[in-house]
Amino acid sequence: MLVQERILDSRNIKRQKDAKYIVSYGGGVNSTALIVFLLKNKFPLDYVVFSDTGDEMPETYEYLEVMERYLKRRGIAFEIVMNRKKVALSDKCISREVIPSQVWRWCTRDFKVTPIHAFYRKLESHIYQYMGIDYGEVHRMKPAREDYVTNLYPLIDYKINRDECINLIKKARLPIPVKSGCYFCPYNNMDRWAEIHENHPDLFKRSMKIEEHNKHFETQRLAPKGYSLREIDKMMKKKKKLPMVEVDSPCGSECMI
Ligand code: SF4
């Protein structure tokens, strides 16, 4: 059997018999632009797969319906997968008294990567996995971890940056998706927390519960750098400007990488 590369330049792609071509979809700008780009340029594409953590933003769930219709019209299968027990990440956090950790990305592994790979294995084919990483994020390119998967990064190979991604989506007459990812992601920066506080107070409240229920609350928090969500809540209610703090690594739509 031919040994497949674990990463390949998408400019050299030709459909292989018995292989499947799949977008690992995150629900955000880059992976949406990736789908538009692939269809526009007639790349082989069999499936678009999204792993639902059970705690995506409400706008993302609405957007998934938009994409489902868009893909259906073009004859592409859209699969939404979940972890085997169909448990939401927030429920697991509360029952285990833990929060997602930036150091050990167990949430990404259990709620994004594992469900997607379970789906891939069922196809019993080599998988060409398109990843929605744009030209400004070259450092995030990685070979696939599994030998039955080859990673492809068309947005990088064709030098498509974030602004061009937005243009691709607009030209396809699709709405621009919101930043995707779990609402209580520890990679949220202050602006994102402010936005959730403002637009989704119920989700902010639940995030506070997850953070405070965590058995390592004193040292591990969802809010950035030493702040707690309760402090952010108080600042927001008093209409105080939130401090600017750097967040090490933005996460969201492509959190499975
Ligand atoms: S979006 Fe954040 S919380 Fe959700 S799975 Fe990814 S890293 Fe974890």
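Both backbone and side-chain heavy atoms feed into the values below; hydrogens, waters and symmetry mates do not. Order of appearance sets the numbers: ligands from 1, and atoms from 1 within every ligand.
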Item to check | Y158 ring center within less than 6.0 Å of F37 ring center | outcome: yes
Checklist entry - What residues, two or more places apart in sequence or in another chain, satisfy salt bridge (charged side-chain N to carboxylate O under 4.0 Å, His left out) together with R206? => result D91
Checklist entry - Strictly under 2.8 Å, is any N, O or S atom of C182 next to atom 8 (Fe) of ligand 1? => result no
Item to check | Atom indices of ligand 1 within 4.0 angstrom of G181 heavy atoms, with elements | outcome: 1 (S)
Please output the side-chain donor-acceptor pairs of residues 113-123 that fall under 3.5 Å, not counting sequence neighbours, one pair per line with the distance.
| unit_1 | atom_1 | unit_2 | atom_2 | d |
| --- | --- | --- | --- | --- |
| T114 | OG1 | R109 | O | 2.7 |
| H117 | ND1 | Y148 | OH | 3.0 |
| Y120 | OH | Q129 | OE1 | 2.7 |
| R121 | NH1 | Y148 | OH | 3.2 |

Checklist entry - Is C185 close enough to atom 2 (Fe) of ligand 1 to have an N, O or S atom under 2.8 Å? => result yes
Checklist entry - Under 4.5 Å between any side-chain heavy atoms of Y21 and I13, yes or no? => result yes
